[in-house]
2 protein chains.
Amino acid sequence: MSRKRITSKELAKLAGVSSATISRAFSPDSRIGGATRDRILAVAREHGYQPNAIARSLNNQRSRLVALVVNAIGNPCEAEEQQLLVHRLQAKQLLPIILCCADHTDRLQLMRLASTYQVDHVVIFSDMVSMKDAVDIFHTTRPIIVSFEPVESDSVSHIRIDGSAAAGEIIDKIVKDGRKRFAYLSGTSSSWIDKLRRKWFADALAKHGLAFEADAYGDYSYDSGFKEAVLLLHRSKADAIICGNDVMAIGARDAARRVLNRNTPDDLAIVGQDGIAMAAWDCHDLTTLSLDHAAFMDAVVDLIDRHDADLEGPHSITLTCKARWGTTA
Amino acid sequence: MSRKRITSKELAKLAGVSSATISRAFSPDSRIGGATRDRILAVAREHGYQPNAIARSLNNQRSRLVALVVNAIGNPCEAEEQQLLVHRLQAKQLLPIILCCADHTDRLQLMRLASTYQVDHVVIFSDMVSMKDAVDIFHTTRPIIVSFEPVESDSVSHIRIDGSAAAGEIIDKIVKDGRKRFAYLSGTSSSWIDKLRRKWFADALAKHGLAFEADAYGDYSYDSGFKEAVLLLHRSKADAIICGNDVMAIGARDAARRVLNRNTPDDLAIVGQDGIAMAAWDCHDLTTLSLDHAAFMDAVVDLIDRHDADLEGPHSITLTCKARWGTTA
DNA sequence: TGATTTTGTGTACACGATTACACAAATGGT
DNA sequence: ACCATTTGTGTAATCGTGTACACAAAATCA
């Protein structure tokens, strides 16, 4: 129960060797006698010695830390992906540092702070971070942008999501059901992602000679979905609402049912996006434009591996969404 | 857009000073001329210099890293608290490292890894970590245990949650409604927390001369809530189910409604625990034993502050739960 | 003016590990 | 038995900061 951590030099004295040998005992493939290593490891265990990762990082120029920039942890739409990624990172002995921020200037501040920790990789989930800021702040670490901003760049790798086909399927079905008045409930008023997602559906509508009749803007939360849906349904005659994510769709559906007494799918069609586990819960059973989160995070890890292998050039991976059919549309 | 990060020594050369002066320019209260500092900061900005936090940590013996040990990020019951804590830590310029693990041996492994990074603080949300393991692994950092294990110890601080009064209120109401056959749906079969929570309700039942007639064990997830509720309702005649957390309660309610065609609260009373935001959503409107998460995380930060101030002795904070009334019981 | 304090800066070492280099001992081949 | 190679270990430098100490210049005080 020592209050102070033992150093390699002290352990060296205890084991009767030099501190270099201690280090070698902990490096899997280094020239060291088997007997010596065993003895050192035994003494180390006895005294609770573990090499100091901070000192090692300084020497190595490799911290094994990964910064994850996200908007929220509490929102299931993001948390689900984050959990998958965290598990994958941990399996590679990489430790995730979470940078979670709603406010933009705070976020940049935070990113600067994390960059001083010499993180080996940066994964940006937030659609609010511009590529310029990302490259600026992490100039030694090529960031991985997990948004859908369609930019090719040598200094940034990114994952592109294509939901156009699945959005087409969904719109086709809803139109076939006889609906004509569509509204789009955005997750935010100012992000690439949201504009692109809306476009998938808008293009699909155009094929039927239709367009969105109304737009509303929330903040990806249940509350905003609820509130904006009420306003939307009061000021328009929409019979179908496409929502920016699943949580907002759930909020919108509750609003329709509770405030306006309209049920899905009979009186109103509601579509979500993301395909989170919750969307499939019996109480929701949402029709949603879903993404395979496991494949998504596999792609992120793939990019990390490419960076580690020091492959040059921009890296980009494209994933496609699928329609998940529930009973709300 | 330099590929390599500039060091304090290089910047010193550029600014025509010694590296010590560079360091001083970045330390708020240190003896340095105002003009020199301004000049250095200007040159630093120009070359994108930021002090290397890893090197600083090594020198300082202070990493400003905090390890958060959790079972899951994806589960809203935990994610909500985690988000609040992360925000509070970031406001104090502390960076959270997330250790997220379902498997027990992996978790210990991960905790050992994090401990080599000389984290300044450790907050353990997982009820699966024994105090002995925590102290063993983080022997230089007094861990903060956020579980309800009622142990006094000098080397561990903890937050104790008391839900007995609120559980009493809830049980009183349900009994008054005429129900007599209670079941408890645990979140896990082997944790302190769960046993204690169950006891709050069991004690309240005892005051009415009642006891739990049936028990089931899940894993805090919706799916397990759903599945176990089906089995439970098949093998017992329970007319009230107390669940280990809100997510399981939602699962149980869906199961009752869908599989057995029993609605809440008429055919069955269902109670959750945690009081997450989702519990208040219109589609759930859960009656739940709720905790003020903001106050909870304030308490965690309070303990961190006490550790920073190096106050001796065991620290313990007790919080009490409140009943949140919904329409499920 | 001369003594004393304050201010600003450089030098050198510490933090705790890794690793290039040197070198002795052990090993192998003929 | 001799030389070449391999093996195991110690010495010393390095990673990038922070800071105790030393010391000159400037400021303060009588």
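What you see is a predicted model; the values in this text were computed from it and never measured. Order of the sequence lines sets the chain letters (A, B, ...), proteins ahead of strands, with each chain counted from 1.
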Length of the line joining [X]:[atom1] and [N]:[atom2], which is rounded to integer Å:
{"X": "A/Lys13", "N": "C/dG16", "atom1": "NZ", "atom2": "C1'", "answer": "14 Å"}
{"X": "B/Leu58", "N": "D/dC15", "atom1": "CG", "atom2": "P", "answer": "14 Å"}
{"X": "B/Asn60", "N": "D/dT19", "atom1": "CG", "atom2": "P", "answer": "6 Å"}
{"X": "B/Ile54", "N": "C/dT18", "atom1": "CD1", "atom2": "P", "answer": "14 Å"}
{"X": "B/Ile6", "N": "D/dC15", "atom1": "CD1", "atom2": "P", "answer": "14 Å"}
{"X": "A/Asn52", "N": "C/dA14", "atom1": "CG", "atom2": "C1'", "answer": "14 Å"}
{"X": "A/Gln50", "N": "C/dA17", "atom1": "CD", "atom2": "P", "answer": "10 Å"}
{"X": "A/Asp29", "N": "C/dT18", "atom1": "CG", "atom2": "C1'", "answer": "13 Å"}

Should [X] be listed as having a side-chain N or O under 4.0 Å from OP1 or OP2 of [N]?
{"X": "A/Gln61", "N": "D/dT14", "answer": "no"}
{"X": "B/Ser23", "N": "D/dG18", "answer": "yes"}
{"X": "A/Tyr117", "N": "D/dT17", "answer": "no"}

Quiz item: What nucleic acid atoms does A/Glu10 come within less than 4.0 Å of, heavy atoms only: base, sugar-phosphate, or nothing?
Solution: nothing
Quiz item: Which part of the nucleic acid does B/Gln118 contact within heavy-atom distance under 4.0 Å: base, sugar-phosphate only, or nothing?
Solution: nothing
Exercise. May I ask you to verify whether the side chain of A/Asn59 and the base of D/dT14 hold a donor-acceptor pair under 3.5 Å?
Key: yes
Let me confirm one number: the [atom1]-[atom2] distance from [X] to [Y], rounded to the nearest 0.5 Å.
{"X": "A/Leu89", "Y": "B/Cys100", "atom1": "CG", "atom2": "SG", "value": "11.0 Å"}
{"X": "B/Gln83", "Y": "A/Asn75", "atom1": "CD", "atom2": "CG", "value": "8.5 Å"}
{"X": "A/Arg31", "Y": "A/Asp29", "atom1": "CZ", "atom2": "CG", "value": "12.5 Å"}

Whether [X] side chain and [Y] backbone form a donor-acceptor pair below 3.5 Å:
{"X": "B/Arg37", "Y": "B/Arg24", "result": "yes"}
{"X": "B/Thr116", "Y": "A/Gln50", "result": "no"}
{"X": "A/Gln90", "Y": "B/Arg107", "result": "no"}
{"X": "B/Arg64", "Y": "B/Lys92", "result": "yes"}

Quiz item: What do you reckon, are the aromatic ring centroids of B/Tyr117 and A/Tyr117 less than 6.0 Å apart?
Solution: no
Self-check item: Nucleotide nearest A/Arg56 when distance is taken to its side chain, options D/dC15, D/dT17, C/dT18
Solution: C/dT18
Which atoms of nucleotides 24-28 of chain D (N or O only) lie under 3.5 Å from a protein N or O atom, and what are those distances?
none

Practice problem: Would you mind telling me which of A/Thr188, A/Asp127, A/Asp219 makes a side-chain hydrogen bond (donor to acceptor under 3.5 Å, both in side chains) with A/Asn71? | Solution: A/Asp127
Quiz prompt | Trace of the side chain to side chain donor-acceptor pair (under 3.5 Å) decision for A/His121 with A/Asp308 | solution = CA-CA 9 Å; A/His121 302 280; A/Asp308 268 338; 3.2 Å; yes
Practice problem: Treat primed atoms plus P, OP1 and OP2 as sugar-phosphate and everything else as base, then score nucleotides 5-11 of chain D 5' to 3': B for base contact with protein heavy atoms under 4.0 Å, S for sugar-phosphate contact only, - for none. | Solution: --BBBBB
